[in-house]
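Every chain is numbered from 1, with letters handed out A, B, ... down the list of sequences.
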Amino acid sequence: MAAKQPIIRFVTSLRKQTMPGEAIITARNIDKFFGEFKALDDVSLTVRRGERVVVCGPSGSGKSTLIRCFNGLESHDGGHLTVEGQELYAGSPEIRALRQHVGMVFQQFNLFPHLSVLENLTIGPMKVRKLSRAEAEATARKYLERVHIPEQADKKPAQLSGGQQQRVAIARSLCMEPRVMLFDEPTSALDPEMIGEVLDVMVELAGTGMTMVVVTHEMGFARKVADTMVFMEQGRIVETSPPDVFFTNPKSARARLFLDQILEH
Amino acid sequence: MTPRSTTTSRPIAGPGPAATPRPMTLQNWLDARPVAIALYLAIMAAICWSSYVGAQRMGYNWQWYQVPDYLFTITDDRFRWGEIAVGLVATVGLSLASFALAMALGLLVAMLRLSGLVVGTAVAVGYLELIRNIPLLVLLYLFYYVLGPIFALDRWAAAVLTLGVFHAALISEIFRAGINAVAQGQWEAAASIGMSRAQAYRWIVLPQSIRFMLPPLTGEFIALIKSSAIVSVIAVAELTTVGRNIISDTFMSFEIWFTVAAVYLGLTLILSVAVSRLEKRYAVDH
């Protein structure tokens, strides 16, 4: 907690220096249907290496669906989606290899309840990347340190608080050494007093230069970390702006209304 | 509404205000402990007595003293298992072999059903409906008298196959329910760290579904032990066949059938207790 302010300053300065890298995720005009319902409607978005994109918008606007498309948990129905140079489509054989480079953090943590914290972190590296147990455990302990809970390694997920569980989930993704991290409302299922510790870890992660796409309503976090704000409504991207523009003078009336609603508290 | 009385911690015995003494309804009277115990003993005594009297009336010659020899004998410090004990071992062996086959086949059918492939679902559902709608005895005859000569199956193989194939249908449904009971998010989390579907099954989903499956699987194993008695019709030398053979030698049908029933009961009760211990080990709190 004490380290919070310096890190944020570091991140802010880092952001100003970083030049946009090559595109990691390129979505061109993608559509997604759930039955009759159009969840994504002609969405185009480019995420570059090192870029932090925060996606916000009212619930049901397609934010989660969009980032779930980015690692193939949902398949898009129209348009083109390229991740790490691979064109994704339903059932494309490269999806598995790709997911190893695209980490995902879920709203409900989705830790493996039958495994200890350490086993949650090592099972992917051992079974998927075929690392030895010793290598996997060394990596796991490194990332548990990174999320500030090395002492919880031998507990079961159910013994941890929500905030700790979500930090374990972040560490689990990091153990696969991903090149992009996707966060699907990572703090929405948390008690208010635990949101801070998870956001701190995410801010620190941003400080390492990780490419991140974050769906969140935490506008304070967005302001600190985002390079690009994306505002969605009814399956469409309504606005894509840098955060200083988005928060002070949003281009769209819809975004302005949304910000008024969530910032007035 | 009557106002709440002071004795709210009293166990709920029936409607009515709590402060007044329990009204002597028929149900309350029957549930009083001395009455209940006396009644239970009276019913048990009546059953035993009426069977005894019935047996006496038909001139049945009780020979309980002969029964222990069929369990085990000790002569000149030599201990020997009796025929019923050997039959019990055969029943356990037959049940274990059949259950192992049923588990393997059941898992395969459940995964075919859950594969999402049209062919997989069709094969699984076809198998399920076929097995569910043929009587076990007819299935046994099919395996022994029809498939037996074709594939050179002896009576043991026919028995194991029949019981395995029959119970696999029910076990596949237990597996399917257990797998479906694991939260969808677990599949997604496994996929998000690059696991294949097979890896997700092996390392994430199946270990978690065991606790959903254990109670119904125990029930199924007990059902299998009981239905294994049916293979006595093709003279597989298990517990029921042994019982029949002893009776045809000695005519002690009452004693032997009581004993055989008690042995089955003991076996399945022990199994229930053992598994309830196992369940506690696999309990995972969320």
(request) Pull out the residues in residues 189-198 of chain B that come under 4.5 Å of chain A, heavy atom to heavy atom, sorted by number. (result)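 Near chain A, by residue number: B:Ala189, B:Ala190, B:Ala191, B:Ser192, B:Ile193, B:Gly194, B:Met195, B:Ser196.
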(message) Please report the interatomic distance CE(A:Met126) to CH2(B:Trp203), rounded to the nearest 0.5 Å.
(response)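 One gets 7.5 Å once the value is rounded to the nearest 0.5 Å.
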Select one option (side chain, backbone, both, neither) describing which atoms of [X] are under 4.5 Å from chain B's heavy atoms.
| X | result |
| --- | --- |
| A:Val102 | backbone |
| A:Leu111 | backbone |
| A:Ile123 | both |

(request) Name the option with the most non-hydrogen atom pairs under 4.5 Å to chain B; the candidates are A:Met176, A:Gln100, A:Met104. (result)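 The option with the most such pairs is A:Met176.
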(request) Against chain B, work out which of A:His101, A:Arg172, A:Gln159 has the most heavy-atom pairs shorter than 4.5 Å and name it. (result)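 The candidate making the most pairs under 4.5 Å is A:Arg172.
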(message) I'd like to know whether A:Arg96 forms a side chain to side chain contact (heavy atoms under 4.5 Å, CB included) with B:Gln199, so could you lay out the CA-CA distance, the side-chain angles of the two residues, the decisive distance to 0.1 Å, and finally the verdict.
(response) CA-CA 12 Å; A:Arg96 259 195 74 201; B:Gln199 285 174 322; 3.2 Å; yes
(request) Can you tell me which residue pairs pass the salt bridge (charged side-chain N to carboxylate O under 4.0 Å, His left out) test with a partner in residues 158-183 of chain B, sequence neighbours excluded? (result)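 Applying salt bridge (charged side-chain N to carboxylate O under 4.0 Å, His left out) to every pair that reaches into residues 158-183 of chain B, excluding sequence neighbours, yields B:Arg113-B:Glu173, B:Arg132-B:Glu173, B:Glu173-B:Arg176.
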Sequence neighbours excluded and cut-off under 3.5 Å, please list the side-chain donor-acceptor pairs for residues 158-170 of chain B, or say none.
{"from": "B:Thr162", "atom 1": "OG1", "to": "B:Ala158", "atom 2": "O", "distance (Å)": "2.6"}
{"from": "B:His167", "atom 1": "ND1", "to": "B:Glu220", "atom 2": "OE2", "distance (Å)": "2.7"}
{"from": "B:His167", "atom 1": "NE2", "to": "B:Ser227", "atom 2": "OG", "distance (Å)": "2.9"}

(message) Using side-chain heavy atoms (C-beta onward) and a distance below 4.5 Å, is B:Glu188 in contact with A:Arg68?
(response)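 In short, these two side chains touch, coming nearer than 4.5 Å.
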(request) Provide the closest heavy-atom pair for B:Gln186 versus A:Phe112 in the form atom of the first, atom of the second, distance. (result)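 Closest approach of B:Gln186 to A:Phe112: OE1-CD2, 3.1 Å.
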(request) Would you name the heavy atoms of B:Ile204 and A:His114 that are closest together and state the gap between them? (result)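 Closest approach of B:Ile204 to A:His114: O-CE1, 3.5 Å.
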Considering only distance and modelled atom types, tabulate donor-acceptor pairs under 3.5 Å from the side chains of residues 84-91 of chain A, sequence neighbours left out.
{"from": "A:Glu84", "atom 1": "OE1", "to": "A:Arg179", "atom 2": "NH1", "distance (Å)": "2.7"}
{"from": "A:Glu87", "atom 1": "OE2", "to": "A:His80", "atom 2": "ND1", "distance (Å)": "2.9"}

